[in-house]
There are 2 protein chains.
Amino acid sequence: MSLKEELKLKKGFSIVEHEALLNIYFTTAGVKKRADGFFKALGLTDVQFNVMMLLHHQSGPDEGLSQAQLSEMMLVNRANITTLIDRMEKAGLVVRVSDSADRRTNIVKMTAKGKKMFEKAEPLYAKLVGRTMFGFNQSELKKLMAVLEKIRENINKPA
Amino acid sequence: MSLKEELKLKKGFSIVEHEALLNIYFTTAGVKKRADGFFKALGLTDVQFNVMMLLHHQSGPDEGLSQAQLSEMMLVNRANITTLIDRMEKAGLVVRVSDSADRRTNIVKMTAKGKKMFEKAEPLYAKLVGRTMFGFNQSELKKLMAVLEKIRENINKPA
DNA sequence: TGTATATAGTTTATATATGAACAATTTAAC
DNA sequence: GTTAAATTGTTCATATATAAACTATATACA
């Protein structure tokens, strides 16, 4: 269905660039809403799962990542990570361990409970991703990523 | 730059479908951050501008839209609209007018101040959209929208 | 060595988002 | 025509996001 129909707009878009941009925006919103429902059933949020995915795939089994590294890998503000890790620590999914080499730094590590939860969630999430991106071949996906990469470059170009 | 580089990840993605999905997600995040900075300089937020854009383009000059209509056109919860319109009303950008035909309904209309602000912001926003989507021809944009539309259809398909 | 600067994390104020429960009102069903 | 169901908007609890101001620490450099 076209975006105009999905949003029940009375009038369409006069500029196709704008329509394309809103298509990206509302597709992300839809993907996020779908993921929200999925993770809620597991007692998680999409953002919390993302933290666990980074801890699992981007650090050694017992290494963990600092809050600054998480902030960088998630493209969010440091302040955001503080409250996010507060909630995850309260839920028993991760712990903060102080870094002996740099006393400013907290290393975030998954607990046994967190690991168990992640191992249960990940294959189900992979299926959801498969269903979401169903019907495209590798070349179409590469083309899509190239377009999106170019848009991200446009954003970062000085006006 | 590839997403792996932008997020400073140590390891890449093993599933291209997942990589493509994260590309959509982080492109939206980048676009939103860019727009946030732009609107902040005008004393607005991206969401507040979107409300004004809907009021301007989707309703007659003095008709306005109900909160339920705004909720539908923005794909957000009704509760969200309540607080959003509270803030916009407080800022003098819009007013709530009760609907004589249905006493449950509030009609949201732009004030003179809101209209003035919107007319100043819209051409600047159009330029930003042009820069963001620069370097694609109409056929590439249509192809992109078709891909995104298919993803939205995949999401809404029953598992 | 000392000082200036940078970095890590927290706190606060603010904006956006959801779902659930609620009141007021309208519409549908019988 | 009255009752049941649906719709509109609000309030509350909660999760995520930012920027700015702050403390504590580490690094650079002169």
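Convention: sequence-line order gives letters A, B, ...; per-chain numbering from 1.
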Determine all donor-acceptor pairs shorter than 3.5 Å in which one atom belongs to a side chain in residues 35-52 of chain B; sequence neighbours excluded.
unit_1: B:T45; atom_1: OG1; unit_2: B:Q48; atom_2: N; d: 3.1
unit_1: B:D46; atom_1: OD1; unit_2: B:K32; atom_2: NZ; d: 3.3
unit_1: B:D46; atom_1: OD2; unit_2: B:K32; atom_2: NZ; d: 2.5

Exercise for the section: Please give the angle, rounded to 10 degrees, between the axes at the start and the end of the helix from C:dT1-D:dA30 to C:dC30-D:dG1, where five pairs define each axis. Expected result: 30°

Would you tabulate the nitrogen or oxygen pairs shorter than 3.5 Å linking the protein to nucleotides 1-7 of chain C?
unit_1: C:dT7; atom_1: O2; unit_2: A:R104; atom_2: NH1; d: 2.7

Practice task
Return the nearest nucleotide to the side chain of B:Q67; candidates are D:dT16, C:dT25, D:dG9.
Solution key: D:dG9

Practice task
Measure the distance from CD on A:Q69 to C1' on C:dA8 and round it to the nearest whole Å.
Solution key: 12 Å

Practice task
Only one of B:T27, B:I151, B:T28, B:V31 passes side-chain contact (heavy atoms from CB on, under 4.5 Å) with A:T28; say which it is.
Solution key: B:T28

Practice task
Would you confirm whether A:S66, through its side chain, and A:I107, through its main-chain N or O, come within 3.5 Å as a donor-acceptor pair?
Solution key: no

Completion exercise
Closest to the side chain of A:N106, out of C:dT18, C:dT10, D:dA26, is C:dT10

Practice task
Using modelled atom types only, decide if a donor and an acceptor are shared between the side chain of B:K150 and the backbone of A:F136 within a distance under 3.5 Å.
Solution key: no

Fill in the blank from the handout: In numerical order, the residues of residues 109-121 of chain A whose heavy atoms come under 4.0 Å of DNA chain C are none

Using atom types as modelled, flag every donor-acceptor pair under 3.5 Å from a side chain in residues 116-126 of chain A to any protein atom, sequence neighbours excluded.
unit_1: A:E122; atom_1: OE2; unit_2: A:H57; atom_2: NE2; d: 2.6
unit_1: A:Y125; atom_1: OH; unit_2: B:H18; atom_2: NE2; d: 3.1

Exercise for the section: Count the heavy atoms of every other residue, nucleotide or ligand shown that sit under 6.0 Å from NZ of A:K10, and state whether that count exceeds 12. Expected result: yes

Handout entry: Residues within residues 76-101 of chain B bordering DNA chain D, heavy-atom distance below 4.0 Å
Key = B:R78, B:A79, B:T82, B:R96

